[in-house]
Amino acid sequence: MTAKSAAAAAGATVYGHPRQGPGRELKKAVEGYWKGRIDADALHNTAARLRAATWRSLAEAGIDEVPTGDFSYYDHVLDTTVMVGAIPARHRAAVRADTLDGYFAMARGTQDVAPLEMTKWFDTNYHYLVPELGPDTVFAANPVKQLAELGEARALGLAARPVLVGPVTYLLLSKPAPGVPADFDPLTLLDRLLPVYAEVLADLRAAGAAWVQLDEPALVQDRTPAELDAAARAYRDLGGLGDRPRLLVASYFDRLGDALPVLAKAPVEGLALDFTGAAAANLDAVAAVGGLPGKRLVAGVVDGRNVWVNDLAQSLGTLGTLLGLADRVDVAASCSLLHVPLDAAAERDIDPQILRWLSFARQKTAEIVTLAKGLSRGTDAITAELAANRAALAGRAASPITRDPAVRARAAAVTAADTRRSQPYRERAAAQRALLGLPLLPTTTIGSFPQTGELRTARADLRAGRIDAADYEERIRAEIQEVISFQEKAGLDVLVHGEPERNDMVQYFAEQLTGYLATQHGWVQSYGTRYVRPPILAGDISRPEPMTVRWTTYAQSLTSRPVKGMLTGPVTMLAWSFVRDDQPLADTARQVALALRDEVTDLEAAGTSVIQVDEPALRETLPLRAADRPAYLAWATEAFRLSTAGVRPDTQIHTHMCYAEFSDIVRAIDDLDADVISLEAARSHMQVARELAAHGYPREAGPGVYDIHSPRVPSAEEAAALLRTGLEAIPAERLWVNPDCGLKTRGWPETRASLENLVTAARTVRAQLAQL
Ligand code: GLN
Ligand code: ZN
């Protein structure tokens, strides 16, 4: 870009910001309110102070239009449910009695009333509360929160742009309310919902909003013609309103595809588009529709999903191309900054050299402002920033951390044979049966046992130096001993060591792999007040030494029954981390897979005959667009096989996934070539067993018979009934008996009782089978 082509004045904006504050103030205040330590006023005051601080810092950084309404006590989709008055019948009394307590009741449930269901926000690790709608849903505008936040920002003298979940996305993210048929089409509610949005928009206009942003990320997914028609209708109606602010329809997380021409034609004043990753296809698509004449284009060129510094020169190139295609081009992140940590400058333990490659919300804000400045005033205005950026990128590219020749050579030498077991499944299964000598319907668990307060204290004590590594080891061993002795007494067949040494199933491995970075303050909201600190895949990955072998072999030394080795699979290691943006995901996955393969080899050599490699994230990182899925599934399954295929035929490989809806990836699950899979099934009454059978899944499977998401103890009869249901789909020779997922969030008393009942159930059904 040259200074000459920089004619338009480009703005800098963001769609949303991390909510909790630099010292985790919001989390503390909300949890304090729940525990009765602070009252509603104190909570509201803390929240208002945090919002003001966020807006001021954005404005001081050079953001022209600050977002409002993106803040939330729990979740912005739940806030939208409140805004449109779609309170589920079971929560209405609580909401009427007290708005705030009713709000938290919808989010978390109460003793008597179930919360809204929670699920992942597109392909992120943020969870939203699912709206429950049906033919009887009555909407009513409640713009109180939006108006209050707009008022607060304007009182600070700032130009503010309210951000709302758009009506089409809101409906498409909903599920049928209890009692409503599963095939209910939520888009039939659009005509009822649009007047409510119209009212909110008019109120926001009256309160001084020049622009309002309507987020429609659902339009980056594959959509039917009817859904696209609904989007067209929605924005024709809202655009046609007389009394309204200017409308910016925002999309993110992927390309708009067929929805782009629809929105381009709509009578709205602005579109926000993602131009990162696969969404870069938006660039050609905008040109193909003849540009966006007369519209404001907000260009998401700074990756809002990742933690790496932007390539400013490259972004300026994209922005320069866009300048010719719209009336005005503003610069933004690809999505809300909610999905990245707040401030890289807060990290004290990261090598300063590496810190220069990292960009969290504050750094991304600065990048957006720099790009807007470069776009409107020419590159001469940002010479220093460009030079520093070039240096950071060059440093990263040349660093021995990002390029370990040994790792690269090994990854390059991988052949198809490395990803194939030496014998086909059926032959292996016979060898494993002979080696393990398990009964029919073998019982096992998914890996973790209750993470007790003592274990967490021991870890905190170790970190604080109150105990040393040897003391800590001792405590972990004592716990393993207890877990093994309980399982033997309970009569389980394949035992686990209980994972007491693991804080988290990804972090534990990340901490031991070279090339991974940990942060001190890199918190990202997962849901409500739960925040996680995803590790960062920063460089080439290798495993300097065994990570789990000593725990597994210790556990095995205590019992003659087989103890399962327990690892987190390569896809999940990527999914719950920040990934590299300087090489294909497939390459990173392959490096992680090779490191795990080393661990698998060491476990086997140490005498472990059953090894489980968990992949709970396989389904959730499925690309949003169907066209991108085959390529993803190809590298994902290859990585899993690369980590597991090196074992002997009689070593049994297990995998575990915890979700119920996976019919769309059954083939990929088969492609993993694992010997046994355990899955969540208790709540859906073994639905997955039927789906596996319908797809002709030929391997052993353990659909869960114990719902571990609740402290409730299933009776032996109940578990036996589920088992019999499972047997209708999967023959006894291939059916395992296990809980839905790990037990780390459960207490010991209910775990003990539930597992004893599970073993009783298996024995009862075995005895019945023997009489047939
Ligand atoms: N092995 C892990 C555990 O038992 C699996 C957790 C998971 O599936 N998320 O905790
Ligand atoms: Zn699970």
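In this text the structure is predicted, and so the values were computed from the model without any measurement. Counting starts at 1 for both ligands and their atoms, in listed order.
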Within-4.5 Å side-chain heavy-atom neighbours: [X] and [Y]:
| X | Y | answer |
| --- | --- | --- |
| D614 | H654 | no |
| R428 | D673 | yes |
| L567 | T548 | yes |

Inset, instruction - For the pair Y126 and H76, name the ring-plane relationship: parallel under 30°, tilted 30 to 60°, perpendicular over 60°. - result: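 It falls in the parallel class, under 30°.
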Legend entry - Where the Zn ion (ligand 2) is the vertex, angle from H656 NE2 to C658 SG to 10°: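 The angle at the Zn ion (ligand 2) comes to 120°, rounded to the nearest 10°.
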Inset, instruction - Could you say whether the N/O atoms of P616 and ligand 1 ever approach to under 3.5 Å? - result: no
[X] neighbourhood, listing ligand 1 atoms whose heavy-atom distance to it stays under 4.0 Å:
| X | value |
| --- | --- |
| C658 | 7 (C), 8 (O), 9 (N) |
| G742 | 3 (C), 4 (O), 10 (O) |
| G447 | 4 (O) |
| K744 | 6 (C), 10 (O) |
| C741 | 7 (C), 8 (O) |

Which residue supplies the protein heavy atom nearest to [atom], what is that atom called, and how far is it?
| atom | result |
| --- | --- |
| atom 9 (N) of ligand 1 | M505 SD, 3.4 Å |
| atom 1 (N) of ligand 1 | D614 OD2, 2.6 Å |
| atom 3 (C) of ligand 1 | S448 OG, 3.3 Å |

Legend entry - Of H127, H339, R19, the residue whose pairing with Q525 passes side chain to side chain donor-acceptor pair (under 3.5 Å):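 Of all the options given, the one that passes is R19.
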Legend entry - Ion pair K27/E31, N-O distance below 4.0 Å: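 Yes, charged N to carboxylate O under 4.0 Å.
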Legend entry - For ligand 1, the portion of H656 having any non-hydrogen atom under 4.0 Å away: side chain
Legend entry - Other residues, nucleotides, ligands: >12 heavy atoms within 6.0 Å of R550 CZ: yes
Legend entry - Quiz item: cation-pi between R108 and W34, 6.0 Å / 45°: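 Judged by the rule, R108 and W34 form a cation-pi pair.
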